[in-house]
Structure formats: structure tokens, C-alpha cells
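This report refers to the structure that appears directly beneath it.
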Amino acid sequence: MKILVTGGAGFIGSAVVRHIINNTNDSVINLDKLTYAGNLESLLSVDSKEHYCFEQVDICNREELDRVFNTHKPDAVMHLAAESHVDRSITGPADFIQTNIVGTYTLLEATRAYWNTLADDAKKAFRFHHISTDEVYGDLPHPDEQDGPLPLFTETTSYAPSSPYSASKASSDHLVRAWLRTYGLPTVVTNCSNNYGPYHFPEKLIPLVILNALEGKALPIYGKGDQIRDWLYVEDHARALYKVVTQGTVGETYNIGGHNEKQNLEVVQTICNILDTLVPKDTPYAEQITYVTDRPGHDRRYAIDSSKMSNELNWQPQETFETGLRKTIEWYLANKTWCQHVQDGSYQRERLGI
Ligand code: NAD
């Protein structure tokens, strides 16, 4: 297969590209605008391989998208390009509306125009895989609020997004479904929980805490730190996405999660404990924890029921939170140059979205 991956220079997209190039015979065309979050240094291990090529293109640019489709003639699209940071969406929602909604619409239209030129068999085999988030479902009851077994997000949970980011992703999910229903474009959607792992831009909780801890800076906890997320190691996500694009059923949605519900404070304390053993210093890293004003509209709990992925596509995460987090911390300790280069721009780990 020739797979057009959008956002392949980002955190999850680069893991998908590395997974496909290193483990399959498929080719990848990586289409990315290279915003602050896109970094070609995350692809150094694959960029000289003959099955890989890069196109610097904005998904809002229809002419350029048409050129890419007509030049490379892909068999599938995996659409990951997005503005992805909730705090940034609170400070400046316009880019989220533009890329996540208008960009997805433009990409769907370019895909449809190309797909209409294909022969019947190729049309049937074609896939448009839209990569989305569990944040479109809003939040779930927290153990503080309810006794007994707590509900999980399933593929039929109603949409109730809370932030400009999750609302823009919800809009894009609806567009993708409509392009299947109205035009017959063979689409599939995945909604995934919080990812962590190597090559994660240090504005997100886990890499920010690792780097701040090592530099002796404050480790900011929003509110009481009792918000619960279901953490998934990024390489487990990449394997899941490849299964969906190659074996998933057209029109279906698949929820992907890590079975790792953790409170934010517990995540930060676990990072501190691992650093205490890997890079010991006079005082415990946990003494750097500080509590800051909570994010407006902060969802309290996300948790995914991923039984459809395991029952229908035989996928399970391979990493536990403990093994994945240790691998992640070891990666950041061994890749200081990558960390310096991605922070050379205007962002210096300051708080956004208050
Ligand atoms: P990221 O911010 O690390 O990367 C996004 C990539 O998209 C970057 O390389 C950026 O340059 C590119 N991009 C942005 N705007 C573009 C545009 N207009 N045209 C072309 N390229 C553009 O994001 P990520 O964390 O890798 O997330 C990838 C996808 O997965 C997103 O759609 C996100 O909503 C979804 N997702 C993320 C998580 C998570 O925990 N990170 C969880 C579930 C779903």
C-alpha cells in the first residue's frame, strides 16, 4: 500500500510513520505543514528509506493537496494533522477551527475528487482513516462523585466536547461520517485516549514534567491534580492505527485506550520516583511540585472501553504504564539534542490557556 499520512512530523504521526516504514512493506507520503509541533528530526531514522517521502503542505491548501494526490496516487489516507493542545485552543481557538475543521473539510474534498478517478476495485479498497480523540465525548463521572463501577467511553457514547480543541475535533469527526454517508467515501474513525512516549513536544504534561524536573524548575499541577486520564504508550497507538487502516471495517468507529487510568498527580509523582532512581540528587524531585490555577472547563475523567479493538482486530496494548513511562524517561535522558532543538522556537514551556 501507499499511505498518505497527514501530520507525520508530529508526535503520534511520526510514530505511525516509523512503525510503517520499519515494520511493513508499505510506502509513506508524509504530508505536514511543519507548525511549531512538527519536527523532521523525529524522522531521521526513516528519512533516507526509499519507501518514505515528505511533502511540506498545509491541509487547508486545496491546490497543493490535489497535486500531492495526483503525483503519489495513494491507496489510503491516515489523517493526523491537527492543532492538538487544549491550552493553546483556549488562548487562540482560530487555528483550531481553521486546521481541524476547515483543513479536514478541504482534505476530504481533495480525497473525494481523487477517489472518484479510481477504478471500481481501487475505489472499494481505498480508506480514509480519521484519527480523533476521546475528548469529543466530554468527561465521565469521577470516583469522588460516584460509588461502584464507573462508566467508560464506548463507540456509542454521545458527543459532548468541552474545549475549543475537542469541539473542533468533534466537528471533524462529523464531517468524516457525512462524507461516507453522503458521498460513499470509505472512511473509518478512531478515538484515542492520552498518548505518551518519545518525541512528545514538551508543552504536554509528561515531557514538560520530565524536562522541568531535570532543570530544577517547578512541576505545575493544575487544580488538585485529581483529573484522571487513560494513558496509552504512543507505539501501542501506532500499531492500533495500522491495524485499523488495513483491517478495519468501513463506516466503523474504534475506541483505543491503554487500560491505565491515573490521576495527574500520581503521574507526576511516578515520574519523580523514577527520576530519583535514574538521576539521583540531594532532594527528591517531588519537592518541585507546585499547585497552579486549574484549566477553565477542565474535564475530570476520561476512560476508554477498547474491547471492540481487542475483539474485532485482536489488538492490545503491550506496555503497562510503568514500563512505558520508564522507557519514555530514558528516551528523554538520551535525546537532549532533540529536546533543545524543538524548543528553539518561541515556546519556552510557559503556562498557556489560563
Ligand atoms: P501534534 O501536535 O504533535 O502534531 C500535529 C502535526 O500536524 C504536526 O506535525 C503539525 O506540523 C501538523 N499540522 C498542524 N497543522 C497542520 C496543517 N494545517 N496542515 C498540515 N499539517 C499540520 O499532535 P499529536 O499529538 O501527534 O496528535 C495527532 C492526532 O492525534 C491529532 O489529530 C490529535 O487530535 C489526535 N490525538 C492525539 C492524542 C494525544 O494524546 N496526543 C490523543 C488522541 C488523539
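One-based numbering, in listed order, for ligands and for the atoms of each.
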Part of [X] within contact of ligand 1 (heavy atoms, under 4.0 Å):
X: Ser132; result: backbone
X: Val57; result: backbone
X: Tyr165; result: side chain
X: Asn39; result: neither
X: His85; result: neither

Arg62 with Asp66: basic N within carboxylate O range, under 4.0 Å
yes

No-hydrogen, no-angle side-chain donor-acceptor test under 3.5 Å, [X] and [Y]:
X: His130; Y: Asp173; result: yes
X: Arg18; Y: Ser42; result: no
X: Arg88; Y: Tyr36; result: yes

Any N/O of [X] closer than 3.5 Å to an N/O of ligand 1?
X: Gly10; answer: yes
X: His79; answer: no
X: Asp58; answer: yes
X: Asn195; answer: yes
X: His200; answer: no
X: Thr133; answer: no
X: Ser84; answer: yes

Which ligand 1 atoms, with their elements, are less than 4.0 angstrom from a heavy-atom of [X]?
X: Thr35; value: 10 (C), 11 (O), 14 (C), 15 (N)
X: Leu34; value: 11 (O)
X: Ser193; value: 42 (C), 43 (C)
X: Gly7; value: 6 (C), 7 (O)
X: Asn194; value: 40 (O)
X: Cys192; value: 42 (C), 43 (C)
X: Gly38; value: 8 (C), 9 (O), 11 (O)
X: Ile131; value: 30 (O), 32 (O)

Protein heavy-atom partner closest to [atom] - residue, atom, separation in Å:
atom: atom 38 (C) of ligand 1; value: Ile12 CD1, 3.5 Å
atom: atom 32 (O) of ligand 1; value: Lys169 NZ, 2.6 Å
atom: atom 3 (O) of ligand 1; value: Phe11 N, 3.0 Å
atom: atom 5 (C) of ligand 1; value: Ala82 O, 3.4 Å
atom: atom 19 (N) of ligand 1; value: Ile59 N, 2.9 Å

Closest to atom 15 (N) of ligand 1 among Leu241, Thr99, Ile256, Asn100 (heavy-atom distance)
Thr99

Among Leu80, Asn191, Leu205, which one has a heavy atom closest to atom 28 (C) of ligand 1?
Leu80

Linked, directly or transitively: Tyr165 and Ile97 (ILVMFWY side chains, under 4.5 Å)
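Different hydrophobic clusters.
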
same_hphob_cluster(Val5, Val68) at 4.5 Å side-chain heavy-atom cutoff
no

Could you go through the side-chain hydrogen bond (donor to acceptor under 3.5 Å, both in side chains) check for Lys204 and Ser84 one step at a time?
CA-CA 10 Å; Lys204 305 272 170 76; Ser84 69; 3.0 Å; yes

Enclosure of [X] [atom1] (heavy-atom neighbours >12, cutoff 6.0 Å):
X: Gln348; atom1: CD; result: yes
X: Tyr332; atom1: OH; result: yes
X: Asn311; atom1: CG; result: yes

For residues Leu333 and Leu214, determine if any side-chain heavy atom of one lies less than 4.5 Å from a side-chain heavy atom of the other.
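Contact flag for Leu333/Leu214 side chains = yes.
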
I need the full list of side chain to side chain donor-acceptor pair (under 3.5 Å) pairs touching residues 71-82, with sequence neighbours left out, sorted by first then second residue.
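Pairs touching residues 71-82 that pass the test: Thr6-His79, Glu55-His72, His79-Thr104.
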
Once rounded to the nearest 0.5 Å, what's the spacing between atom OH of Tyr196 and atom CG of Leu232?
7.5 Å

Roughly how far, to the nearest 0.5 Å, is the OG atom of Ser89 from the NZ atom of Lys169?
12.0 Å

His200: ring pair (Phe, Tyr, Trp, His ring centres under 6.0 Å) partners, not counting sequence neighbours:
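Ring pair (Phe, Tyr, Trp, His ring centres under 6.0 Å) list for His200, sorted by chain: Phe11.
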
Check the pair Lys327, Glu330 against salt bridge (charged side-chain N to carboxylate O under 4.0 Å, His left out), reporting the backbone distance first and the verdict last.
CA-CA 5 Å; Lys327 275 190 183 175; Glu330 285 169 349; over 6 Å; no

